[in-house]
*Asks:* 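Take this structure, written in structure tokens, and hold onto it; I'll ask about it next.
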Amino acid sequence: MIRKRLKEVLDRCFAAGVKEGIWPAEAADYTIEKPKHEGLGDFSTNLAMVAAGRVRKNPRELAGRLREMLNKECDLIDKIEIAGPGFVNFFLKNEVWQGVLPDICRRDKDYGPEAAGAGKKVLVEFVSANPTGPLSIGHGRQAVLGDAICRLLSAVGFEVSREYYYNDAGRQMRVLAGSLRARYLELSGVPCELPEDGYQGEYIYDIARDLLSEVGDSLRNSDDLAPFQKRAEQAIFKDINGTLERLGIKFDNYYNEHTLYDDGHIDDVVAKLRAQGLVYEKDGAVWFKTTNFGLEKDRVIIKSSGEPTYRLPDIAYHREKFRRGYDWLVDIFGADHIATVPDVMAGIKALGYDPDMVTVVLHQFVTLMRDGKQVKMSTRKATFVTVDELLDEVGVDVARFFFLMRKADSQLEFDLDLATRQSQENPVYYVQYAHARLTSIMKQAVENGVAAGELSEARLGLLVQPEELELLRTMAAYPGLVQKAAVDLAPHRLVFYLQELAAAFHSYYNKHRIISAEEVELSRARLWLAHGLRIVLYNGLTLIGVRAPEAM
RNA sequence: GCGCCAGUAGCUCAGCUGGAUAGAGCAACGGACUUCUAAUCCGUAGGCCGGGGGUUCGAAUCCCUCCUGGCGCACCA
């Protein structure tokens, strides 16, 4: 907000300067940012340096001209300094910062970004785990990441649809059904080996036990895998959905790969590609000429067995997403799925759609650390830790916060020792504690008869301590930060911001008293500051799906 | 061999569109509770931003190259 106001002033001066021939119009790509170090002002611009680079003039001289022009604009700016190689630093008036508080308090839960994406429809696909077993830690990261991204996009005005894509057919599911059948037979007294590459997890036994107690041994002589497959899928989806519910995640739609076959989309995609000469037969299989799109080699889309590979439905699925009329498609995949991305993009392009409308967020893996050592996980041996087990151990708030602490590109080391610590070093509690503390102060104030009074009568000009102004500056940056985090699909920035804001508050709290019977006016102003802080913390925590407790 | 991601303090990681003196948490060390919640704070220490070249007013950030780690490179998903 404030940056925007300053930018308008600066743009006006820049335009005037262009007219006078002081700097060229091409220098318009200058930026305005917050200096890294204290004492360099509230904002800073590189305008003079960018311009000087174009016309071979001394940047400090141009900075001087800029300052002269800006000196007439005094409603925001208190002081202007020229520093370093030619930065122009702005020191804004305290009133500017104090002025953000009424805005925050009045908007309350609505305080945040403007709806820049207004009306645009975005489809976010995430989790998309096939029903072959419980959600693992990696899925957990993806689920929370995807959910946070959705929340952010909604916050900036996008119309968000959350979709879970799954496949309940094919080899994987047959193996799953075979595994269940084996366990079922074993439990009903018929010795039976797991099929090759079978699912070894304990959860298969659980499903088998339920099945046995329900239908008895009536399936003992059945060679048909269908009832086993159906049973396994139902049970596993129930489990997955239970986990997602615990995490506070809801999907708008579950898209079954099978509908792509039923509705003829698979055949149609092949026909369309074939019509363009992008498909050929070799070794009994059907190949897609991905080399036409700059890729290294062609890929099989229909196996010699007649079964499509995952690529074909993936392409058809993405085409359906386009056809359903979204403005933006976001896919969230684990790093192990990277190989599919170029193939799908090639397919989309071949079918006449714009791959630039798809953004793929690839996230790296999660390693669990316990007692300073890595917890070894293997899906095959079923030694993985499930999201459910993690939630049992650390709770939803901690799990969500930890999953969001790293950018998607980084591998995430989940430190269970740190996560389970109920106090001190745990960053989740650190932020939550700030909110609880603020709540407690507000309550305390009422009990002591030092109520904040009317906002319109509060003397916010009394908030002149460096720590207070710093808090106000940070609070003012919140909407812009959320905005940027949303369009960049980077929720970790919000997590870092919240830690920063909490730290600034804790520090302030230890240095200054908010409630004071002697200085009533100051108390009132500070209580409004506390109120505003509480709003920003609450909104930020809510946006990442972490609770903002009133007491701890 | 090829592709993607990463390499920043002892450990885990931020660092947005290239900006000024490189940031946080944890761990370590030394302090602060008769006071609004000490799940807190203050202070100290800790760095060839993997190496080497380049681009420019200016590089952790961009380009090239090499090294290390992770993940891919199926007629699995």
Side-chain angles (χ1 to χ4, degrees), chain A residues 29 31 33 35-37 40 44 46 49-50 52-53 56 58-59 83-87 89 128-130 132 167 170-172 175 197 257 282-287 295-297 299-305 307-311 313-314 334-342 362-365 367 369 372 405-413 415 417-418 421-430 432-434 436-445 447-448 450 481 484-485 488 490 492-493 495-496 499-500 502-503 505-511 513-516 523 526-527 530 551-552:
Chain A
D29 58 342
T31 59
E33 53 196 42
K36 237 186 271 179
H37 299 279
L40 298 176
S44 167
N46 61 354
M49 289 182 297
V50 174
R56 299 207 158 271
N58 182 353
F87 287 102
N89 295 335
S128 294
N130 290 337
T132 58
N167 171 18
R171 201 190 82 92
Q172 258 188 106
V175 173
D197 293 331
E257 184 183 313
K282 195 180 94 185
D283 304 332
V286 178
W287 297 69
L295 300 184
E296 209 166 329
K297 50 182 169 181
R299 301 290 184 177
V300 170
I301 51 173
I302 301 176
K303 302 185 235 173
S304 50
S305 65
E307 252 182 324
T309 65
Y310 63 90
R311 279 180 205 97
D314 272 5
D336 54 336
H337 279 57
I338 184 158
T340 82
V341 176
L362 279 175
H363 65 89
Q364 298 293 321
F365 287 178
T367 50
M369 299 293 285
M405 274 200 303
R406 304 290 173 241
K407 63 178 175 198
D409 279 342
S410 287
Q411 286 182 41
L412 190 153
E413 189 166 291
D415 185 345
D417 304 318
L418 181 62
R421 250 173 279 183
Q422 284 282 320
S423 63
Q424 310 240 11
E425 309 88 345
N426 196 321
V428 188
Y429 300 129
Y430 183 84
Q432 289 185 318
Y433 182 53
R437 206 174 214 184
L438 283 160
T439 311
S440 166
I441 290 169
M442 310 296 290
K443 206 161 45 178
Q444 192 77 220
E447 282 164 13
N448 291 9
V450 196
L481 180 118
K484 197 87 171 56
D488 290 347
H492 75 279
R493 287 199 209 133
V495 173
F496 277 87
Q499 293 185 85
E500 212 175 280
F505 165 64
H506 284 311
S507 179
Y508 172 65
Y509 172 90
N510 274 273
K511 193 162 174 186
R513 265 198 81 79
I514 291 169
I515 302 171
S516 156
S523 273
R526 287 182 171 174
L527 280 168
M552 287 174 77

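Side-chain atoms are counted along with the backbone in the values below, which use heavy atoms only and exclude waters and symmetry mates. Proteins get letters first, then strands, A, B, ... in listed order; numbering begins at 1 in each.
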*Asks:* Heavy atoms under 4.0 Å, any strand shown: does A:E296 hit a base, just sugar-phosphate, or nothing?
*Replies:* sugar-phosphate
*Asks:* Would you say a side-chain N or O of A:K484 is under 4.0 Å from OP1 or OP2 of B:C16?
*Replies:* no
*Asks:* Which of these nucleotides, B:C42, B:G69, B:U40, is closest to any side-chain atom of A:Y430?
*Replies:*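 Output: B:U40.
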*Asks:* Looking at every strand, decide which applies to A:N167 at a 4.0 Å heavy-atom threshold: base, sugar-phosphate, or nothing.
*Replies:* sugar-phosphate
*Asks:* A:H506 side chain: which of B:U40, B:C76, B:G15 is closest?
*Replies:*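 Closest nucleotide among those given: B:U40.
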*Asks:* Between B:C16, B:C5, B:A77, which nucleotide gets closest to the side-chain atoms of A:D409?
*Replies:*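 Looking only at side-chain atoms, A:D409 lies closest to B:C5.
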*Asks:* Would you mind classifying the nucleic acid contact of A:N58 as base, sugar-phosphate or nothing, using non-hydrogen atoms under 4.0 angstrom?
*Replies:* nothing
*Asks:* On the nucleotide B:A14, are OP1 or OP2 found under 4.0 Å from the side-chain N or O atoms that A:S410 carries?
*Replies:*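 Yes.
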*Asks:* Taking A:Q411's backbone N and O only, do any of them form a donor-acceptor pair with A:R406's side chain (distance below 3.5 Å, no angle check)?
*Replies:*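 Not confirmed, A:R406 side chain does not pair with A:Q411 backbone.
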*Asks:* Would you please determine if the base of B:A14 is stacked by A:F496, with stacking meaning a centroid separation under 5.5 angstrom and planes under 30 degrees?
*Replies:*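 A:F496 vs B:A14: stacking no.
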*Asks:* Report the base-pairing partner of B:U12 (Watson-Crick or G-U wobble, both distances below 3.5 angstrom), or none.
*Replies:*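 Paired with B:A24.
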*Asks:* Can you tell me the base-pairing partner of B:C73? Count Watson-Crick or G-U wobble geometry only, both distances below 3.5 Å, and say none if there is no partner.
*Replies:* B:G1
*Asks:* Please classify the nucleic acid contact of A:Y509 as base, sugar-phosphate, or nothing, using heavy-atom distances under 4.0 Å.
*Replies:* base
*Asks:* For atom C1', what is the distance between B:C71 and B:C26, given to the nearest Å?
*Replies:* 28 Å
*Asks:* Have a look at A:A445 and say if it touches a base, only the backbone sugar-phosphate, or nothing, with a 4.0 Å heavy-atom cut-off.
*Replies:* nothing
*Asks:* What about A:N46, does its side chain sit under 3.5 Å from the base of B:A20 through a donor-acceptor pair?
*Replies:*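 Between B:A20 and A:N46, which were checked side chain against base, a qualifying N/O pair under 3.5 Å is absent.
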*Asks:* Regarding A:T309, tell me which of base, sugar-phosphate or nothing describes its non-hydrogen contacts under 4.0 Å with the strands shown.
*Replies:*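 Sugar-phosphate, no base atom in range.
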*Asks:* May I ask you to evaluate whether A:S507 reaches the phosphate of B:C42, defined as a side-chain N or O under 4.0 Å from OP1 or OP2?
*Replies:* yes
*Asks:* Please measure how far the C1' atom in B:C48 lies from the corresponding atom in B:U35, and state the result in whole Å.
*Replies:* 49 Å
*Asks:* B:A38 phosphate, OP1 or OP2: any side-chain N/O from A:R437 under 4.0 angstrom?
*Replies:*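 Yes, because at least one side-chain N or O of A:R437 sits under 4.0 Å from OP1 or OP2 of B:A38.
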*Asks:* Kindly point out which of B:C71, B:A14, B:G19 is positioned nearest to the side chain of A:A335?
*Replies:*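 Per side-chain heavy atoms of A:A335, the pick is B:C71.
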*Asks:* Tell which nucleotide pairs with B:U40, taking only Watson-Crick or G-U wobble pairs whose two distances are both under 3.5 angstrom.
*Replies:*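 With both distances under 3.5 Å, B:U40 matches B:A32.
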*Asks:* Starting the side chain at C-beta, find the nucleotide from B:C76, B:A74, B:C42 nearest to A:K303.
*Replies:*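 Closest of the options to the side chain of A:K303: B:C76.
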*Asks:* Among B:G3, B:A20, B:C13, find the nucleotide with the atom closest to the side chain of A:I338.
*Replies:* B:G3
*Asks:* Rounding to the closest angstrom, what is the interatomic distance between B:G23 and B:U68 at atom P?
*Replies:* 32 Å
*Asks:* When the P atoms of B:A32 and B:U17 are compared, how many Å lie between them, rounded to an integer?
*Replies:*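 Each nucleotide's P atom is 45 Å from the other's.
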*Asks:* Please state whether the base of B:A77 and the side chain of A:Y310 form at least one donor-acceptor pair under 3.5 Å?
*Replies:*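 Yes, a donor-acceptor pair under 3.5 Å.
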*Asks:* Roughly how many Å apart are B:G53 and B:G10, using the C1' atom of each and rounding to a whole number?
*Replies:* 31 Å
*Asks:* Taking only side-chain nitrogens and oxygens of A:K297, does any of them come within less than 4.0 Å of OP1 or OP2 of B:C2?
*Replies:* no
*Asks:* Side chain of A:E413 only, heavy atoms from C-beta on: which candidate in B:C16, B:C73, B:U12 is closest?
*Replies:* B:U12
*Asks:* State which of B:A20, B:G15, B:G19 makes the closest approach to the side chain of A:H37.
*Replies:* B:A20
*Asks:* Which nucleotide, if any, forms a Watson-Crick or G-U wobble pair with B:A6, using both distances under 3.5 Å?
*Replies:*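 Answer to the pairing question: B:U68, which forms a Watson-Crick or G-U pair with B:A6.
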*Asks:* Under 4.0 Å between a side-chain N/O of A:K407 and OP1 or OP2 of B:G15, yes or no?
*Replies:*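 Result: yes.
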*Asks:* Searching all strands shown, indicate the nucleotide that pairs with B:U17 (Watson-Crick or G-U wobble; both distances under 3.5 Å).
*Replies:*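 When the pairing criteria are applied, nothing turns out to pair with B:U17, so the answer is none.
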*Asks:* Which nucleotide in the set B:C71, B:A77, B:A20 lies at the smallest distance from any side-chain heavy atom of A:F365?
*Replies:* B:C71
*Asks:* Kindly say if A:H492 contacts the phosphate of B:G15, meaning a side-chain N or O under 4.0 Å from OP1 or OP2.
*Replies:* yes
*Asks:* Using a 4.0 Å cut-off on protein heavy atoms (strictly under), produce a 5'-to-3' string for nucleotides 27-35 of chain B with B for base contact, S for backbone-only sugar-phosphate contact, and - for none.
*Replies:* S-------B
*Asks:* Counting N and O atoms only, with roles assigned by atom type, does the side chain of A:N426 sit under 3.5 Å from a partner on the main chain of A:V428, one being a donor and the other an acceptor?
*Replies:*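 Side chain of A:N426 to backbone of A:V428: a pair is present.
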*Asks:* Would you mind classifying the nucleic acid contact of A:S44 as base, sugar-phosphate or nothing, using non-hydrogen atoms under 4.0 angstrom?
*Replies:*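 A:S44: base contact, heavy atoms under 4.0 Å.
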*Asks:* For the side chain of A:I515, counting heavy atoms from C-beta on, which of B:C36, B:C13, B:A20 is nearest?
*Replies:* B:C36
*Asks:* Could you work out the separation of B:G18 and B:G31 based on their P atoms and round it to a whole Å?
*Replies:* 47 Å
*Asks:* Can you tell me the Watson-Crick or wobble partner of B:C62, both distances under 3.5 angstrom?
*Replies:*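 B:C62 is paired, partner B:G54.
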